[in-house]
Amino acid sequence: MNTETPAPPERGDFIREIVAVDLREGRCQTVVTRFPPEPNGYLHIGHAKSICLNFGIAREFGGRCHLRFDDTNPAKEEQEYTDAIQADVRWLGFDWGAHLYYASDYFEQLYEWAVELIKAGKAYVDDLSADEIREHRGTFTEPGRESPWRSRSAPESLDLFERMRAGEFADGARVLRARIDMAAPNINLRDPVLYRILHAEHPRTGAAWCIYPTYDFAHGQSDAIEGISHSICTLEFEAHRPLYDWLIDNLPVPSRPHQYEFARLKLTHTVMSKRVLLRLVNEGHVRGWDDPRMPTLSGLRRRGFPAEGIRDFVAMVGVAKTDSVVEVEMLEHAVRNVLNRTATRRFAVLDPLKVVIENYPEGQIEEMEVTNNPEDPSAGTRRLPFTRELWIERDDFMEEPVRKFFRLAPGREVRLRSAYFVTCHEVVKDAAGTVVELRCTYDPATRGGAAPDGRRPKATLHWLSAAHAVPAEVRLYDHLLRSPYPGAGDGDPFDDLNPDSETVLRGCLAEPSLADVPVGETVQFERLGYFCPDPDSSPAALVFNRTLTLRDTWAKLQAQGRQDKA
RNA sequence: UGGCGAGUGGCCUAAUUGGCAAGGCACCUGACUCUGGAUCAGGGGAUUGAAGGUUCGAGUCCUUCCUCGCCAGCCA
């Protein structure tokens, strides 16, 4: 929530370096950046990098950052996305103040500039179809051919352009093109389309327009209108920069923005393409755009990732022009790092195994004082009821303990966290041979979890009083995609779908206070990991999502053991 | 194939513009521990894509080559 938090001293990446120099040498007075999403989908972690970069630079250099919707294609854009995007940017911790803009706010100005371009002989109306334009464009190795309409007079183009606006022509009938160079080695300069006819209802301008500027014609000019000093975008726009500059140079724009490109964020085991994300949602592979397995900001939020962790991660990754893929482990590290510091500790048992303390008085209840967060003394303590019948984690017991397993086993003593030392004396099984109950004794002298004689069990277990535990559903999450590079090459990312990316556990038990955790807060289930209530959760039916496991060296050992045998 | 861009331990990023290749993640040890967490200490791992050249000295400058990415939407 705290947007004031000065980001950890940001490393000076090459863009910040440019900004610093421009400021120092007076090429610009105040730095003005912008985050320009198209409202045609949900924001994902890749956008977070851009958001942190743009808003971060503005904050660090005492400038400002605009939120501008690049809403130039009414065929794909929706109000729903506009709202979700704003909520996500705010949640991430950034504030655009009064600087909320829409490219559609500039449609009239853009139109006037287009007219000026036509009058100057630098743009013309082309009657060629989309297919014909493509054919005329040439290839990487062959120059393009000029459209027969390229030599059309300015007055004629002007007349046609006005009639395009007036709605006289059908979609695709004509376009406005810049007159640059059909032989340019950069294909973006081969008379790029500036306006197209689209008889579509625009979320903001309604039916006011039936011609819409393309990205190339809208973006740079919008930057200029807003006085953007540094227009930061991803690498794939590099080839557009000459066109960006050409338009700025040939139009009477009020300011001179410059475009800089950086490598977009890619993550292992993750797919970021809006098309694929949409398919995941539509084909029902996930619960929605905000499914905890989705890389969307809403998904990460539902998963319990704190915004601060995402910001830290982005800072950790850095900014460069190298096309790269970051290991998700780095994101997870950043998230664990803030959660370890901030998450309240609670007890929950995912796979309960009954324990009966035979020498503990029946009907007795003791309130044991438990630390809420050893990393943060100010988080205080709470009281947990301890009784004769308890639940522990089934994984915490082994009838025939293997080497290096130092939890509970027959004849072995362990500590129940903040309670007592207990020793297992008997294993009760059902007809099928499944362990259903452990008969144990406790040492009354170890109350609180410490022995007067100084003995120290090798393991400390979490536990729950059987009479007090409340039921809960817990959803475990793992990578959505098994392969670190889903769909690499010509593969289909859907071939990599992990069938076990979500595991729903229904028989879990939780300490009573867990019913009070609000959605949006992530807690630690001691020794298990970080968990947060899902929006599906209700007081009557608790549902928790596993954000991440704790770093687990025992699990790692087990996994290695399995590999050794294989 | 034309244009543009990028190559630094497994991954990400630095290197004060020519001066002992640094940090984070990951991995491995050990210490400590009422979370097999955290923390602390240590470790392995790089002929800086390759080959030449300039220089006392090159990740950095020059040449050639190789590899990868992006661009032929009336998407952004």
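Both backbone and side-chain heavy atoms feed into the values below; hydrogens, waters and symmetry mates do not.
- One finds no side-chain N or O of A:Arg264 lying less than 4.0 angstrom from the OP1 or OP2 phosphate oxygen of B:rG69.
- Here B:rG3 is the nucleotide among B:rA76, B:rA14, B:rG3 with the atom lying nearest to any side-chain atom of A:Asn186.
- Between A:Phe347 and A:Phe525, a ring centre-to-centre spacing not shorter than 6.0 Å is recorded.
- In terms of polar N and O atoms assigned as donor or acceptor, the side chain of A:Gln524 comes within less than 3.5 Å of the base of B:rU35 in a complementary pairing.
- One finds no side-chain N or O of A:Arg241 lying less than 4.0 angstrom from the OP1 or OP2 phosphate oxygen of B:rC4.
- Applying the 6.0 Å contact sphere to NZ of A:Lys274 captures more than 12 heavy atoms from other residues, nucleotides or ligands.
- A glycosidic torsion no more than 90° from 0 defines the syn conformation, and B:rU17 adopts it.
- Contact of A:His136 with B:rA72 (side chain to base): no donor-acceptor pair of N or O atoms is detected under 3.5 Å.
- More than 90° away from 0 lies the glycosidic angle of B:rG37, which makes this nucleotide anti.
- Ring-centre distance between A:Tyr101 and A:Phe69: not below the 6.0 Å cut-off.
- Counting distance only, with no hydrogens placed and no angle test, the side-chain atoms of A:Arg407 and the base atoms of B:rG36 include a donor-acceptor pair under 3.5 Å.
- Listed pair A:Arg275 / B:rA76 fails the phosphate criterion, with no side-chain N or O lying under 4.0 Å from OP1 or OP2.
- Residues of residues 326-341 of chain A that place a heavy atom closer than 4.0 Å to RNA chain B, in numerical order, are A:Val326, A:Glu327, A:Glu329, A:Met330, A:His333, A:Asn340.
- Here A:Tyr215 does not count as stacked on B:rA76, because the ring centres are not under 5.5 angstrom apart with planes under 30°.
- Heavy atoms from other residues, nucleotides or ligands lying under 6.0 Å from CZ of A:Arg264 number 12 at most.
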